[in-house]
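Every chain is numbered from 1 and lettered A, B, ... according to where its sequence line falls, protein lines coming before strand lines.
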Number of protein chains: 2
Amino acid sequence: MKNKPMTGDELLALFEALANPHRLRIIAILADGKQYVSQLAREAEMSRPLLYMHLQKMEKAGIVKTEMKISEDGKAMKFYELLPFEFRITPELIREAAKTLTIKKKEGK
Amino acid sequence: MKNKPMTGDELLALFEALANPHRLRIIAILADGKQYVSQLAREAEMSRPLLYMHLQKMEKAGIVKTEMKISEDGKAMKFYELLPFEFRITPELIREAAKTLTIKKKEGK
DNA sequence: AACACCAGTAATATATTTATTACAGGTGAT
DNA sequence: ATCACCTGTAATAAATATATTACTGGTGTT
């Protein structure tokens, strides 16, 4: 399975999603398996609202996916799961992706 | 030559350096060869002070290096050059690097 | 001298990201 | 009813990143 080329904007969103220490730690936690939001907040030692903000940025970048589950005792639980990825980053790859950059910061947000 | 493992802080600095559309375009330009600051500013269509800010962030992340030259007609010129790199990014790699993250944002700046 | 290049930086303004606080509403158990 | 869990978000504050403006000073040429 070959790496299909990313657009500049996709590549940028990926880097933005990875450019934060808390998000790297979230990835580290999720690398051990999917987890629900409240538990993830405890493990990452941050508030749920803040965690949501980080997770949404990661979701937009396409490195995590989410899924609702109803636990045995009837509680709604939202699980986040890491999408397996393997990116190869080189100057040449960035040069190609840069051609499709729309540049402007934050639009569709 | 094998990829020596990066510390969490180094990896974070790398992602931060890549998480900006202008810096990706600067990389794209430098991928064609070293360039001096004023010319680079013209090609990237940005002011020199702004370009300096971006280049310094990239330099700290270790993806560019700089070198002063005296042109034939005696002018001092500062060239920036891309350091060849090839990074493989996977969840496992991030999990390992996250162990050495110092987390706090901006200290030694 | 005035011009066209070159490098460099300090001070400031603007925009964005990150973080917190304060909510609302659901389930099941005591 | 109260408690201990769960999800979710709006409003705001605080911290950083990005961008601009206004400078200083160098070279060689006209």
Side-chain angles (χ1 to χ4, degrees), chain A residues 9 12-26 34-61 64 66-81 101-109, chain B residues 9 12-26 34-61 64 66-81 101-109:
Chain A
D9 293 344
L12 178 59
L14 171 67
F15 289 142
E16 284 175 348
L18 296 174
N20 178 280
H22 294 310
R23 290 196 288 271
L24 292 183
R25 288 182 60 229
I26 291 169
K34 64 174 66 174
Q35 193 52 273
Y36 66 96
V37 176
S38 288
Q39 180 60 26
L40 189 52
R42 282 188 290 268
E43 294 187 19
E45 293 178 296
M46 68 177 75
S47 68
R48 266 185 319 111
L50 182 54
L51 178 58
Y52 268 107
M53 186 274 287
H54 287 303
L55 285 171
Q56 279 160 14
K57 184 164 290 197
M58 293 165 75
E59 195 173 3
K60 280 176 189 164
V64 297
T66 182
E67 170 185 24
M68 289 294 298
K69 278 194 181 178
I70 306 297
S71 67
E72 291 183 3
D73 62 340
K75 280 171 190 154
M77 294 168 89
K78 188 180 199 178
F79 280 80
Y80 272 88
E81 177 178 2
L101 268 176
T102 56
I103 284 295
K104 55 184 172 251
K105 319 215 56 170
K106 304 300 94 173
E107 28 119 279
K109 209 197 166 223
Chain B
D9 293 343
L12 178 59
L14 171 66
F15 289 143
E16 285 175 347
L18 297 175
N20 177 280
H22 294 310
R23 290 196 288 272
L24 293 184
R25 289 184 60 228
I26 291 169
K34 65 173 66 172
Q35 193 52 276
Y36 66 96
V37 176
S38 289
Q39 179 60 26
L40 189 51
R42 282 188 290 267
E43 293 187 20
E45 293 178 296
M46 68 177 74
S47 67
R48 267 186 315 115
L50 182 54
L51 178 58
Y52 268 108
M53 187 273 286
H54 287 303
L55 286 171
Q56 279 161 14
K57 186 164 288 195
M58 294 164 75
E59 194 173 4
K60 279 175 189 165
V64 296
T66 183
E67 169 187 23
M68 289 295 296
K69 277 194 180 180
I70 305 297
S71 65
E72 292 185 1
D73 61 339
K75 282 171 188 154
M77 295 168 88
K78 187 180 199 178
F79 279 81
Y80 272 89
E81 176 177 2
L101 267 177
T102 55
I103 284 293
K104 52 180 175 259
K105 321 214 54 172
K106 305 297 97 172
E107 26 119 276
K109 204 194 172 227

Practice task
Give, for atom CG of B/L24 and atom CE of B/M58, the distance between the pair rounded to the nearest 0.5 Å.
Solution key: 8.5 Å

Problem - Whole angstrom value for the distance that separates C1' of C/dT17 from CG of B/L12 - result: 14 Å

Problem - With sequence neighbours excluded, residues passing ring pair (Phe, Tyr, Trp, His ring centres under 6.0 Å) with B/Y80 - result: none

Exercise for the section: Would you mind classifying the nucleic acid contact of B/M46 as base, sugar-phosphate or nothing, using non-hydrogen atoms under 4.0 angstrom? Expected result: nothing

Completion exercise
Output for pair (A/L18 CG, B/L12 CG), nearest 0.5 Å, gives 9.5 Å

Exercise for the section: Mind calculating the distance between CZ (A/F15) and P (D/dA17) to the nearest angstrom? Expected result: 18 Å

Practice task
Compare side-chain N and O positions of A/H54 against OP1 and OP2 of C/dT17 and report whether any pair is under 4.0 Å apart.
Solution key: no

Produce the list of close N/O pairs, under 3.5 Å, pairing protein atoms with atoms of nucleotides 2-6 of chain D; give distances to one decimal.
unit_1, atom_1, unit_2, atom_2, d
D/dC6, OP1, A/Y36, OH, 2.8
D/dC6, OP1, A/R42, NH2, 3.0
D/dC6, OP2, A/R42, NH1, 3.0

Problem - A/D73 or A/P49, whichever maps to the more 5' nucleotide of DNA chain C - result: A/P49

Exercise for the section: Would you kindly give the NZ-to-P distance between A/K60 and C/dT17, to the nearest whole Å? Expected result: 10 Å

Practice task
Working to the nearest 0.5 Å, report the span between OG of A/S38 and CD of A/E43.
Solution key: 11.5 Å

Completion exercise
Of all heavy-atom pairs linking B/R25 and B/A44, the shortest is NH1-O, 3.5 Å

Problem - Rounded distance in Å - CZ (B/F79) to C1' (C/dA7) - result: 13 Å

Practice task
Counting heavy atoms from C-beta on, name the nucleotide in C/dG8, D/dA19, D/dT9 closest to the side chain of A/Q56.
Solution key: D/dT9

Exercise for the section: Could you tell me whether A/E67 and A/K78 make a salt bridge, using a distance below 4.0 angstrom between a side-chain N and a carboxylate O? Expected result: no

Completion exercise
Side-chain atoms of A/Y52 come closest, of D/dG8, C/dT21, D/dT18, to D/dG8

Handout entry: Protein-nucleotide distance (B/E16, atom CD; D/dA15, atom P), rounded to Å
Key = 18 Å

Exercise for the section: Find the distance B/E45:CD to D/dT18:C1' and express it as a whole number of Å. Expected result: 18 Å

Completion exercise
From CG of B/L50 across to C1' of C/dA15 the rounded distance in Å is 13 Å

Fill in the blank from the handout: When rounded to the nearest 0.5 Å, the distance separating NZ of B/K69 from CE of B/M77 is 9.5 Å

Handout entry: Nearest-Å distance for atom pair OH/C1', residues A/Y80 and D/dT7
Key = 11 Å

Exercise for the section: Determine: side-chain N/O of A/N20 to OP1/OP2 of C/dT18, distance under 4.0 Å, yes or no. Expected result: yes

